[in-house]
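Just so it is clear, the structure is predicted and the values come from calculations on it, not from any experiment. Atoms within a ligand are numbered from 1 in the order they appear, just like the ligands themselves.
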Amino acid sequence: MVKFAQIKGFLFDLDGVIANTSAYHSKAWHQLADELGVTWTEDLGNQLKGVGRMDSLNLILKYGHKENVYTEDEKVKYAEEKNENYLKLLNGLDKSEILPGMEDFIKDLSAHHYLISLASSSKNSPLVLEKLDLRKYFDEKVDPATLKHGKPDPEIYTRAAESLKLKPEECIGLEDASAGVTSINGSGAISVGIGDPTVLKDADINFNNTSEVTLANIEKAMDNKKVLNK
Ligand code: G6P
Ligand code: MG
């Protein structure tokens, strides 16, 4: 059983954990789903969270029973269109859209000399971190373009731990998406799920929102947990 004292690193998802940008991804995907004639539902929105760009488009098409309708080139065009709309939504992004408590939490980790790596599927993550002025706190990041498999596969969290030269068991991963929690769990790191605990039921530790995410609350949650399956 992993103890809080053994933790040396933190692995962060970005969209929906550090910033409110998950809502912008959803908005841009919703727009594209409408254009493709696929009915948008909350369930579809949850399935897409944390999932990479092309995988997300394929999930939307599958959801609307249109998986064989478009060529690869057409799909690339639609994915680019979504990204252009997403980038427009990012235009005014600044520090005010850092989710409650997250800047203080990241600063606290840094002050306590924890290592920090980014495990976001988003190719726009460097831009987002720059706009939020948080880039300086990250020791390492995984480039999602180099991954063989996206979330829910464990690869991104395994690589994020490796980037810090740590074992996954020495790390805590933070996620707002079910696919992301599955990815953390598969890597062997401790998973913190932030958001609806029924959606994030597989997380080792659950918080309802980012304001609850503090080192003290994580330590308390790990100590209270009788058996962490790792
Ligand atoms: C994150 C978001 C997803 C998004 C994915 C790819 O994981 O949670 O909603 O689809 O990144 O983002 P990108 O910016 O590369 O299209
Ligand atoms: Mg996320």
Ring centre gap for Y86 and Y24 strictly below 6.0 Å: no
Check: K123 N/O within less than 3.5 Å of ligand 1 N/O: yes
Short N or O distance, K151 and ligand 1, threshold 3.5 Å exclusive: no
Ligand 1 contacted by S56 (non-hydrogen, < 4.0 Å): yes
Close approach, G50 and ligand 1, non-hydrogen under 4.0 angstrom: yes
Cluster overlap V51 with V199, hydrophobic side-chain contacts below 4.5 Å: no
Closest approach to the Mg ion (ligand 2) by D176, given as the N, O or S atom name: OD1
Charged N-O contact under 4.0 Å between [X] and [Y]:
{"X": "K95", "Y": "E103", "answer": "yes"}
{"X": "K75", "Y": "E72", "answer": "yes"}
{"X": "K49", "Y": "E175", "answer": "no"}

At under 4.0 Å between heavy atoms, which part of [X] makes contact with ligand 1: side chain, backbone, both or neither?
{"X": "L14", "value": "neither"}
{"X": "H25", "value": "side chain"}
{"X": "D15", "value": "side chain"}

Pair T146-R159, side-chain donor/acceptor within less than 3.5 Å: yes
Atom indices of ligand 1, in the order listed, that fall short of 4.0 Å to a heavy atom of W29: 10 (O)
Proximal atoms of ligand 1 relative to N124 (non-hydrogen, under 4.0 Å): 13 (P), 14 (O)
Side-chain donor or acceptor of T182 paired with backbone N/O of P152 under 3.5 Å: no
For atom 14 (O) of ligand 1, the option (of S121, A179, A79, S122) bearing the nearest heavy atom: S122
